[in-house]
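What's counted below: heavy atoms across the whole structure, side chains too, no hydrogens, waters or symmetry copies.
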Amino acid sequence: RDENVAVATHIATDILTSEAKTATDVAAVLTAEAGEEVKVQKASYLCRLAVELGLANVTEVKIPKKGTQKAYTAVEA
């Protein structure tokens with residue numbers, strides 16, 4: 001769990017901005033950084049963990065041809 005908290009913190013501080021990103025977007029960045037595939041389910045879990053820790057906000061965004069998805073933004077300092 002500690003490792004997941006560290007990664008969730010990294011997501012909140014280094015990947016998320018004021019522009020909403022979906023778990024798919026976060027997974028793509030983590031995959032590029034890690035050099036190995038990070039599944040969307042794992043990225044979604046880590047984003048939810050960041051929200052739980054108070055490091056990120058969650059909103060709903062409309063994605064064309066996909067409907068509504070959760071998107072995550074950084075908490076403004």
Side-chain angles (χ1 to χ4, degrees):
R1 171 138 168 111
D2 292 340
E3 185 181 312
N4 287 336
V5 169
V7 177
T9 303
H10 167 64
I11 289 170
T13 56
D14 300 329
I15 298 174
L16 295 180
T17 60
S18 57
E19 182 185 334
K21 288 188 172 54
T22 64
T24 306
D25 300 329
V26 173
V29 173
L30 289 176
T31 296
E33 287 179 352
E36 60 184 29
E37 184 184 9
V38 175
K39 296 200 180 319
V40 174
Q41 290 89 334
K42 172 112 180 164
S44 178
Y45 163 73
L46 292 167
C47 288
R48 287 193 313 272
L49 183 59
V51 170
E52 196 179 296
L53 294 169
L55 303 172
N57 296 316
V58 63
T59 57
E60 299 272 327
V61 293
K62 287 193 185 333
I63 308 287
K65 298 185 179 143
K66 280 192 174 181
T68 306
Q69 287 189 340
K70 288 192 180 337
Y72 302 89
T73 55
V75 170
E76 297 301 319

Minimum heavy-atom distance between [X] and [Y], given as atom pair plus value:
X	Y	answer
A50	A12	CB-CB, 4.4 Å
P64	K62	CD-O, 3.9 Å
A27	V38	CB-O, 3.6 Å
A8	L46	CB-O, 3.6 Å
A20	A71	CB-CB, 3.6 Å

Quick one: list whatever passes side chain to side chain donor-acceptor pair (under 3.5 Å) with D25, sequence neighbours left out.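 Partners of D25 under the side chain to side chain donor-acceptor pair (under 3.5 Å) test: T22.
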Can you sort out the partners of E52 under side chain to side chain donor-acceptor pair (under 3.5 Å), two or more places apart, ordered by chain and number?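 Checked E52 against side chain to side chain donor-acceptor pair (under 3.5 Å); zero matches.
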What's the spacing between E33 CD and I11 CD1 if we round to 0.5 Å?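 These two atoms lie 9.0 Å from each other.
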Given side chains that start at C-beta, do those of [X] and [Y] come closer than 4.5 Å, heavy atoms only?
X	Y	answer
K70	E60	yes
L55	T13	no
L16	V26	yes

Is there a path of hydrophobic side-chain contacts, each under 4.5 Å between heavy atoms, that joins V7 and V51?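 Yes; V51 is reachable from V7 via cluster members.
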Group every Ile, Leu, Val, Met, Phe, Trp and Tyr by side-chain heavy-atom contacts under 4.5 Å, then state whether Y45 and L30 land in the same group.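 In one cluster: yes.
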Ignoring hydrogens and angles, tell me if any N or O in the side chain of T9 forms a donor-acceptor pair with the backbone of V5 under 3.5 Å.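 Indeed, once roles are kept as given, a pair shorter than 3.5 Å links the two residues.
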Apart from V61 itself, residues in the same hydrophobic cluster as defined by side-chain heavy atoms under 4.5 Å: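 Once heavy-atom contacts under 4.5 Å are chained together, V61 belongs with I63.
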Charged N to carboxylate O below 4.0 Å: is that the case for E19 and K21?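 Here E19 does not pair with K21 in a salt bridge, since their nearest N and O are not under 4.0 Å apart.
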